[in-house]
Amino acid sequence: MYAGTRSRWLLAVGVSAVVLGVAGCGSDDDEGGGGGTATTGTGAAAEAPADTSFDQTIGVLLPLTGDLSPFGAPGRKAADLAVAQVEQATRAGGVETTVSTTSADTESSPQAAVQAARQLISGGATCLAGPWASSETLAVAESVASRQRTPIVSPSSTDAAITDLDDDGFVWRTAPSDNLQSRALADTVEQELGGTDFTISLAARNDAYGQGFIEKFREAWEAKGGRTTGPVLYDPEQPNYNSEAAEIVQGRPDAYVIIDFFETYGKMGASLVRTGEFDAGRLFTADGLASDRIPDTIPARALIGARGTRPGTPESGAVVEEFARIYREAGGAPRQTFDAQNFDATMLCYLAALAAGSTDGTDISEQLQAVSAPPGRKFTFMELADGIRMIAAGEEVDFDGVTGPIDFDANGDPTAATYEVYRYGPDGVLRVERQFEARAAE
Amino acid sequence: MAGAADTAVEPAPRDEPRGAAPALAGLSGGRGPLLVTVAIVAAIALVLIVAYGIHDVAQRGVNGLVSGSYFALGAVGLTLVYGTLRLVNFAHGDLLTFGAYMAFLANVTWGVPIVLATLFAVVATAALGVLSERVMWRPMRGRGAGMLQLLLMTLGLAFVIRYGIQMIWGTFPRRLEVDVTDSISFLGLRIGRTELIVVIVGFVVLLAVGLMLRRTSLGRQMRALSDDMGLAEVTGIDTDRVVIATWIFAAGLAGLAGVLYTAAIGTMTPNLGFFLLLSLFAAVILGGIGNAFGALAGGLLLGLAQEWSTLVIDPRWKVAVGFGILILVLFVRPQGLFGRKERTL
Amino acid sequence: MTPVFAVSLDALTSADFWIGVGVLAGTYTIFTLGLQLNVGFTGIINFGQAGFMAIGAYSMGILVVRAGWSLWAALPAATAIAMAAGVLIGLPSLRLRADYFAIVTIAFAEIVRYVAQNARGLTGGNQGLLGFDDQWLDVSDTILGWLPASMQDQFLLPLLIVVWVTVAILTGLLMLLQRSPWGRVLRAIREDEDAARALGKNVLAYKLQSIALAAALGAIAGYFLALNLSFLSPESFEPQFTFIGFTILILGGLANYVGVALGSLIMWTLLEATRFIDLPLAAEKVAALRFVIVGVALILLVAFRPQGLLGKRQEMVLRD
């Protein structure tokens with residue numbers, strides 16, 4: 001998008017920014033070595049054993065107010081859990097780093113997100129977990145991340161447009177692009193139905209996630225030769241969902257694909273059941289409606305029997321359960337979609353800094369792909385102390401998150417995602433039926 | 001909708017003396033506007049039936065009735081406060097939210113049955129209304145505050161209520177102990193069981209309020225206040241008592257609307273009332289501000305318009321359709337459908 | 001219990017923080033200058049300013065991204081479009097009572113936002129609109145090149161400078177306009193519309209001009225919002241922003257153009273500095289507390305200093 005000269009120029013500004021930032025900021029981050037950081041700014045990756053005695057501040061951008069506010073508190077808790085895990089493991093792993101988080105409210109608005117990101121950075125954060133809404137991520141990517149040389153790792157922005165951003169490698173996400181998951185879902189629907197000669201009724205929440213996903217799904221399904229009706233798009237807050245529900249069930253489709261979050265689906269699901277024609281056994285959905293069990297704000301009949309895809313890991317059984325356990329034992333906010341993605345995002349901010357031996361944003365950015373993707377020894381947060389020891393010793397590693405293998409590609413997207421096909425049983429409990437790997441095309 | 005332009009042929013209502021306020025309740029504009037409105041709605045319904053079949057039109061009409069009843073319940077309180085106190089209350093939507101969370105507190109946290117919890121919510125919201133009158137609105141009226149000043153204070157109050165609720169209950173969606181999925185089928189039309197209860201309760205309450213305004217001496221006094229507060233005081237009406245009564249009705253109805261809305265739709269978040277507020281304003285103005293009957297009619301029309309529009313265009317436009325109709329109607333009839341003509345700017 | 005209230009002041013001493021606040025404050029100063037012209041000087045309650053801002057910003061973005069115009073051609077064209085929208089909405093609705101007019105303008109702004117969200121081919125919908133600011137970034141780089149070396153890392157500085165130069169020019173122009181015969185007629189309309197009409201003034205024409213100018217100011221604020229974010233999406237134009245504009249208006253004082261800038265600076269410093277409140281509470285609750293504070297401040301301000309910081313009591317003539 002921008003001319004090449006501009007990127008180079010910005011890079012120069014970025015490097016000088018690092019020098020000035022360290023020299024000018026004084027009290028807060030006077031860990032010395034400022035000059036050294038600047039010279040390695042564009043240099044090679046850290047091969048030698050890393051500097052393992054830094055204090056890192058990870059900024060956490062959260063939608064604590066506004067439309068997406070139901071995600072804010074669980075996201076905050078997940079980030080804190082990640083830091084608690086890191087603190088435990090650093091002691092066991094023999095490194096002397098300390099990590100803390102500062103968080104800021106993005107108000108579910110791009111403008112406030114940009115402002116919040118700038119403030120976290122001026123408060124000393126050099127890696128940001130968040131923001132959440134795709135619109136926030138696009139704004140922060142363009143006007144903060146690449147200009148202030150600070151990586152952002154969004155837990156939940158799945159908009160395909162984020163892949164193509166000209167972000168100089170500062171924009172990452174632990175949630176796979178809609179491109180990937182929508183195709184994975186189309187494959188799943190084909191297998192489950194035993195073919196594509198079916199008409200699917202499409203519906204989604206009218207935001208970047210729902211609308212982006214359903215459009216990609218429609219392309220994928222129609223490319224397979226299937227038929228679709230809709231999509232019916234509905235807003236998160238509207239006075240009534242009955243007419244939308246009527247349109248979704250109209251014409252007795254063979255299956256439904258609905259992309260939504262629990263927050264809205266509590267209302268839409270109730271309306272769907274009231275039509276008397278809706279059969280959740282023919283519903284396919286995605287990660288937005290995946291939870292260990294159907295939350296009590298959702299009418300059970302709107303989800304029992306429903307199938308869907310969500311990112312998982314090969315050994316996800318144990319990792320997902322362990323995450324669910326520590327999350328539950330910490331008390332406070334209940335589980336919410338994308339909490340685990342924020343856990344992974346926060347953890348990656350730390351692991352990349354450790355691999356870089358530096359808390360400089362550019363250095364962290366350069367290591368994010370290396371620590372998340374092959375080659376290297378695989379480890380999950382359950383073996384975090386071992387992972388930290390390996391990184392500190394300069395070994396190559398491949399961190400697998402709670403949400404999947406992650407394996408960032410050069411665009412900052414998780415390339416390979418292992419997807420789980422899940423189904424809600426009659427008792428309202430989510431069961432994983434099988435897994436498959438999906439890779440980004442080309 | 002295109003048919004709205006037909007109101008242009010309708011004879012202009014009598015020119016009221018300058019400065020006359022709209023009376024609360026009652027068909028002050030005569031039966032003309034009502035008949036014309038009903039005729040237009042019927043004509044639109046007929047066209048839709050021809051195009052989309054009677055079943056779909058009737059079913060969407062039922063859906064419109066459901067949202068119309070929340071709109072009407074919420075809007076009547078808004079219009080009462082406006083008519084009596086000249087207060088454009090941007091905090092009214094958040095009174096609905098407050099009511100819903102009070103019901104949640106009683107019903108889920110304390111385990112009180114839903115009917116009692118609803119009563120508790122109505123009382124608590126009415127109390128909040130009275131409190132705001134005592135602490136804010138009465139002192140401000142005493143100082144002769146202007147409309148804009150009061151309006152901005154309501155914006156501040158809206159923030160305090162909405163985010164105060166968020167501070168206590170957080171942002172996670174909450175629900176009440178009611179069945180939201182059960183539905184009743186009648187002549188091939190479906191309505192949720194809770195929705196049906198909501199519609200019935202809504203209409204009974206609105207009818208009672210309408211009768212109260214027309215028949216009781218309190219109602220007459222409220223109307224007198226809305227005409228001219230100074231004059232009402234001179235004629236020996238205990239204005240303070242009437243104002244308090246107005247707040248009890250307005251806020252209590254808002255609380256009820258919040259509970260009924262949540263019960264029918266399924267979940268609540270602290271943004272609930274704020275998102276409904278503009279629709280409530282649209283209902284009030286559509287019917288003619290300060291006119292309780294108008295708010296009822298405006299709410300129903302808005303609900304019908306939004307739901308019927310989903311037959312013709314993509315449903316994601318439906319809220320915008322409501323606002324579009326409001327603007328169209330005002331172009332044709334600047335005082336609202338049932339408002340009296342007043343001095344215009 | 002030990003002290004539970006703590007505000008970390010480190011960030012408040014950083015230049016980044018103040019530059020960010022400055023850009024926002026400048027943007028909202030321009031936004032609110034339009035409200036001042038309408039509300040403070042003409043006596044019409046325009047609640048649709050966010051809609052005009054959206055029309056300006058999106059027209060600019062669409063002309064550049066979809067139609068391939070130069071940014072410098074798109075800016076005046078988009079301003080003209082916003083002014084036309086102002087006339088279009090004002091023409092029928094200025095006949096309405098003040099309170100109806102307020103609600104109609106909000107409804108209009110909401111319709112604009114729904115169009116921005118749902119007319120995807122044009123506006124990018126929920127996915128937003130990107131890539132309209134290349135030409136601005138070149139200019140920004142050039143300005144940055146003129147600045148002393150110690151400021152080179154502040155990439156927002158050029159935007160800050162341009163915003164506040166614009167604020168100064170617009171405030172000056174509006175003040176001149178207010179002293180002109182045109183401005184005196186506006187004030188006369190605010191004081192007594194019938195008297196102005198009796199003097200043979202075309203009240204509606206004057207009001208339309210007032211609305212159109214306010215729409216242009218809203219559009220200009222929209223450009224700065226867009227350049228600050230490099231991205232346009234419907235969430236940036238919620239009615240909340242008009243409410244913030246009105247708070248700034250009252251804070252600075254009605255019928256005082258200089259007060260707008262002052263009010264905007266105070267408002268955004270308050271809004272942004274309260275982000276640093278640190279309480280042993282769940283994060284969502286602390287976030288909510290920020291807005292409770294804003295609400296309480298607004299109530300107290302209107303109750304105890306309705307003329308704002310720089311307004312005069314005798315200018316508070318807005319009756320119903």
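A, B, ... follow the sequence lines: proteins, then strands. Residue 1 opens every chain.
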Open item on the list: So, using side chain to side chain donor-acceptor pair (under 3.5 Å) as the criterion, who are the partners of C:T29 when residues are at least two apart?
Closed with: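 C:T29 satisfies side chain to side chain donor-acceptor pair (under 3.5 Å) with C:S264 only.
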
>> Please enumerate all residues that pass side chain to side chain donor-acceptor pair (under 3.5 Å) together with B:E133, with sequence neighbours excluded.
In response: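 Expected list: B:R141, B:W247.
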
Inset, instruction - Select, from B:G170, B:G164, B:P139, B:P270, the one with the greatest count of heavy-atom pairs under 4.5 Å involving chain C. - result: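 Looking at each of B:G170, B:G164, B:P139, B:P270 in turn, B:G170 comes out on top.
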
Against chain C, label [X] side chain, backbone, both or neither, depending on which of its atoms sit under 4.5 Å from a heavy atom there.
X: B:L326; answer: side chain
X: B:V160; answer: both
X: B:L278; answer: side chain
X: B:I327; answer: side chain
X: B:M140; answer: side chain

Measure the [atom1]-[atom2] distance between [X] and [Y] for me, rounded to the nearest 0.5 Å.
X: C:I293; Y: B:Y163; atom1: CD1; atom2: OH; value: 13.5 Å
X: B:L152; Y: C:F243; atom1: CG; atom2: CZ; value: 10.0 Å
X: B:F331; Y: C:L91; atom1: CZ; atom2: CG; value: 8.5 Å
X: C:L301; Y: B:Q149; atom1: CG; atom2: CD; value: 10.0 Å
X: C:I111; Y: B:F323; atom1: CD1; atom2: CZ; value: 7.5 Å
X: B:L151; Y: C:I45; atom1: CG; atom2: CD1; value: 6.5 Å

Yes or no on side chain to side chain contact (heavy atoms under 4.5 Å, CB included) for B:W317 and C:V115, after CA distance, side-chain angles and deciding distance?
CA-CA 8 Å; B:W317 292 99; C:V115 171; 3.8 Å; yes

Minimum heavy-atom distance C:R95-B:L330, with the two atoms named =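 The pair with the smallest heavy-atom distance is NH2-O, 3.9 Å.
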
### Task
Specify the closest pair of heavy atoms between B:M153 and C:I299, including all atoms of both residues, with the distance to one decimal.
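In this case the closest contact between B:M153 and C:I299 is CE-CG2, 3.6 Å.
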
Practice task
Determine, step by step, whether B:F281 and C:I106 satisfy the side chain to side chain contact (heavy atoms under 4.5 Å, CB included) criterion, reporting the C-alpha distance in whole Å, the side-chain angles of both residues, the deciding distance to 0.1 Å, and the verdict.
Solution key: CA-CA 10 Å; B:F281 269 120; C:I106 287 203; over 6 Å; no

Name the option with the most non-hydrogen atom pairs under 4.5 Å to chain B; the candidates are C:V302, C:L298, C:V292.
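The candidate making the most pairs under 4.5 Å is C:V302.
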
### Pair B:F274-C:Q240, side chain to side chain contact (heavy atoms under 4.5 Å, CB included): steps then yes or no
CA-CA 10 Å; B:F274 177 66; C:Q240 201 90 326; 3.5 Å; yes

* When you look at C:F304 and B:R143, which way does the side chain to side chain contact (heavy atoms under 4.5 Å, CB included) test go after all the steps? -> CA-CA 10 Å; C:F304 298 110; B:R143 290 186 213 177; 3.5 Å; yes

Angle between ring planes, C:F47 versus B:F90, binned at 30° and 60°: parallel, tilted or perpendicular?
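The arrangement is parallel - the two ring planes meet at less than 30°.
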
